[in-house]
Participant: 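One structure, pasted below without further comment.
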Amino acid sequence: MTAQSGRHFLQIPGPTNVPDRVLRAMAQPTIDHRGPDFAELALDLRQRVKPVFGTGGPVVIYPSSGTGAWEAALVNTLSPGDRVLAFETGHFASLWRDMAQRLGLTVDFVPGDWRRGVDPAAVAERLAADTAHGIAAVMVVHNETSTGVTSRIPEIRAAIDDAEHPALLLVDTISSLGSIDYRHDDWGVDVTVGCSQKGLMLPPGLGFNAISDKALAAAPQARLPKSYWDWAPILDANEHGFYPYTPATNLLYGLREALLMLEEEGLRNVFARHSRHAAATRAAVQGWGLEVLCVNEREYSGSLTAVLLGAEHDADKVRRIILDRFDMSLGTGLGKLAGRVFRIGHLGDLNDLTLAGTLTGVQMGLELAGVAVDPAGLQAALSVLKAE
Ligand SMILES: *Cc1c(COP(=O)(O)O)cnc(C)c1O
């Protein structure tokens, strides 16, 4: 590796740039996780983490990746052979489906073209047809990180309610938490799955489950095997500020600092900042004469934009040039989008000039890779940023 001056631009849709404040908070000494100082930290976090999920209920924090928190959501609420309804919105929805199948669940997987979100009408149709109420849960990825498409959770909830169906609603909010408006309680979500390294501006290593009363009540009947992921002993120990195992103490220091930063800016302002940066990014992409992968304006993601290239171009070559020349990482195309798209992450600790620098690097990289782009794209993005 050659020496690089200045900061690396980590513009993938997670992990995201970790603010210096958070890094410094994590550099404190690791303490006794059964002592009084730890209890104070854990009891503070137990409350402080709730607003970011939009919940007044419990949030379990695991030392895990997001994938672990996916598993926790399933094993705490479901039993072997249960039917679940899921939607092929992209790579992450497909991986969660695979996990459900491996755990012994039967998945009704509604096919999709990886360019739009969950169709609430499809939810209504599937649940209306399930008159015997065999479907135990509906699994939705809120913000599909492989495509830059955000599904409309309130409309999905309304479809479940209109069908008068008792299924639990399980939502992956991993790449929307702390960057796109999300309301666990108001939207009637039963389990919300989150993790640390995306909008929460932390390193990887924490997974979250926000849990509704209905999901808590379902848990004792859920017969999928579980031990480490079991909510019950964690919720018990959390009451006194402890965990049934060694928690990720230093990541929890970081979590407190990141939550303080979100509180200081105000969640509404955080969401507005992200949607403004997303709009500027789309202005650049469209100005360049390229295509945003998401085809439904109502489902544009506030946290990342996937850019579709013509079949004659290799998106990974563009990414490679940008990394080599400008020290910036962009997201690769996942699954069947490999080589066809690159993804610009604009979530987490970001300001107007970080985005302007990012888009400048993308434009130069596209030009160097021989992709014909109209340089007016960058100007269009700057106009959005200047506007207000
Ligand atoms: C990143 C991501 C995951 C996986 O999280 P890991 O921490 O890599 O296990 C799952 N779902 C979505 C939507 C994601 O963006």
Side-chain angles (χ1 to χ4, degrees), residues 10-18 52-53 60-75 86-100 102-103 107 109 112 114-118 138-153 156 169-182 184 189 191-210 228-229 248 251 254-255 258 274 278 293-294 299-306 329-335 337 341-348:
L10 183 66
Q11 299 310 134
I12 60 175
T16 65
N17 295 289
V18 180
V52 79
F53 287 88
V60 166
I61 307 175
Y62 295 102
S64 80
S65 76
T67 303
W70 264 351
E71 180 159 340
L74 299 176
V75 297
F87 300 84
E88 189 195 358
T89 50
H91 186 65
F92 288 102
S94 303
L95 291 179
W96 202 13
R97 180 270 322 261
D98 294 346
M99 172 188 275
R102 282 194 296 267
L103 289 170
V107 186
F109 200 53
W114 294 39
R115 299 196 71 172
R116 52 202 99 218
V118 174
V138 178
M139 295 162 52
V140 176
V141 175
H142 179 218
N143 186 63
E144 186 37 270
T145 320
S146 61
T147 63
V149 176
T150 307
S151 287
R152 290 159 285 155
I153 306 298
I156 294 166
L169 177 57
L170 315 181
V171 177
D172 167 344
T173 182
I174 288 176
S175 63
S176 46
L177 195 70
S179 50
I180 300 172
D181 191 12
Y182 186 81
H184 176 89
V189 179
V191 186
T192 295
V193 177
C195 78
S196 53
Q197 75 271 23
K198 305 197 180 180
L200 289 184
M201 311 177 285
L202 290 161
L206 294 179
F208 302 88
N209 277 180
Y228 179 74
W229 301 115
L251 281 168
L255 176 61
H274 280 83
L293 184 66
C294 176
E299 296 175 331
Y300 282 149
S301 170
S303 61
L304 77 135
T305 301
S329 298
L330 297 171
T332 186
L334 294 172
L337 297 172
V341 311
F342 65 89
R343 296 170 299 144
I344 304 170
H346 36 74
L347 73 165

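Both backbone and side-chain heavy atoms feed into the values below; hydrogens, waters and symmetry mates do not. Order of appearance sets the numbers: ligands from 1, and atoms from 1 within every ligand.
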Participant: Could you list the atoms of ligand 1 found under 4.0 angstrom from a heavy atom of V141?
Facilitator: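 What qualifies from ligand 1 is 13 (C).
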
Participant: For atom 9 (O) of ligand 1, what is the closest protein heavy atom, and at what distance to 0.1 Å?
Facilitator: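 Answer for atom 9 (O) of ligand 1: T67 OG1, 2.5 Å.
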
Participant: Just to verify, which of T173, T89, I153 counts as forming a side-chain contact (heavy atoms from CB on, under 4.5 Å) with V140?
Facilitator: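 Testing each of T173, T89, I153 against V140, the sole residue satisfying side-chain contact (heavy atoms from CB on, under 4.5 Å) is I153.
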
Participant: Run through S151, S176, S175 and flag the one making a side-chain hydrogen bond (donor to acceptor under 3.5 Å, both in side chains) with N143.
Facilitator: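 The option that passes is S175.
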
Participant: Can you tell me which residue and heavy atom of the protein come closest to atom 14 (C) of ligand 1, and the distance to 0.1 Å?
Facilitator: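 Of every protein heavy atom, K198 NZ, 3.0 Å lies nearest to atom 14 (C) of ligand 1.
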
Participant: Ring-plane angle category for W114 and H91, please: parallel below 30°, perpendicular beyond 60°, tilted otherwise.
Facilitator: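 Plane angle between 30° and 60°, so tilted.
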
Participant: For the side-chain contact (heavy atoms from CB on, under 4.5 Å) test, which of I61, L202, I174 pairs with S196?
Facilitator: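 Of the listed residues I61, L202, I174, the side-chain contact (heavy atoms from CB on, under 4.5 Å) partner of S196 is L202.
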
Participant: Give the numbers and elements of all ligand 1 atoms closer than 4.0 Å to a heavy atom of S175.
Facilitator: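 Matching atoms, with element in brackets: 15 (O).
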
Participant: Return the minimal non-hydrogen interatomic distance between T16 and K198, and the atom names on each side.
Facilitator: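 Closest pair (atom of T16, atom of K198, distance): OG1-O, 3.0 Å.
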
Participant: Please report which non-hydrogen protein atom sits nearest to atom 11 (N) of ligand 1, along with the residue it belongs to and the distance in Å to one decimal place.
Facilitator: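 Among all protein heavy atoms, the one nearest atom 11 (N) of ligand 1 is D172 OD2, 2.7 Å.
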
Participant: Can you tell me if N143 contacts ligand 1 (heavy atom of the residue under 4.0 Å from the ligand)?
Facilitator: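 Yes; N143 lies near enough to ligand 1 that a heavy-atom distance drops under 4.0 Å.
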
Participant: Which heavy atom of the protein is the closest neighbour of atom 15 (O) of ligand 1, given with residue, atom name and distance?
Facilitator: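 Heavy-atom neighbour on the protein nearest atom 15 (O) of ligand 1: T145 OG1, 2.4 Å.
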
Participant: Report the residue from V171, D172, L177 that forms a side-chain contact (heavy atoms from CB on, under 4.5 Å) with H142.
Facilitator: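 Output: one option passes, namely V171.
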
Participant: Could you check atom 8 (O) of ligand 1 against the protein and tell me its nearest heavy-atom contact, residue, atom and distance included?
Facilitator: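 The closest one turns out to be Q197 NE2, 4.0 Å.
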
Participant: Heavy-atom distances under 4.0 Å decide this one: backbone, side chain, both or neither, for E144 against ligand 1?
Facilitator: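 The answer is neither.
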
Participant: Quick one: which ligand 1 atoms are inside 4.0 Å of a heavy atom on W70?
Facilitator: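 Within the 4.0 Å cut-off of W70, ligand 1 contributes 10 (C), 11 (N).
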
Participant: Tell me the protein heavy atom at minimum distance from atom 6 (P) of ligand 1, and give that distance in Å.
Facilitator: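 Result for atom 6 (P) of ligand 1: G66 N, 3.5 Å.
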
Participant: Please determine whether any non-hydrogen atom of W96 lies less than 4.0 Å from an atom of ligand 1.
Facilitator: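 No, W96 has no heavy atom closer than 4.0 Å to ligand 1.
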
Participant: Give a yes or no answer on whether the side chain of R115 reaches the backbone of C294 with a donor-acceptor pair at less than 3.5 Å.
Facilitator: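 Here the side-chain-to-backbone pair does not exist.
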
Participant: Any chance the side chains of T192 and Y182 put a donor and an acceptor closer than 3.5 Å?
Facilitator: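 Looking only at side-chain atoms, Y182 and T192 do form a donor-acceptor pair, the distance falling under 3.5 Å.
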
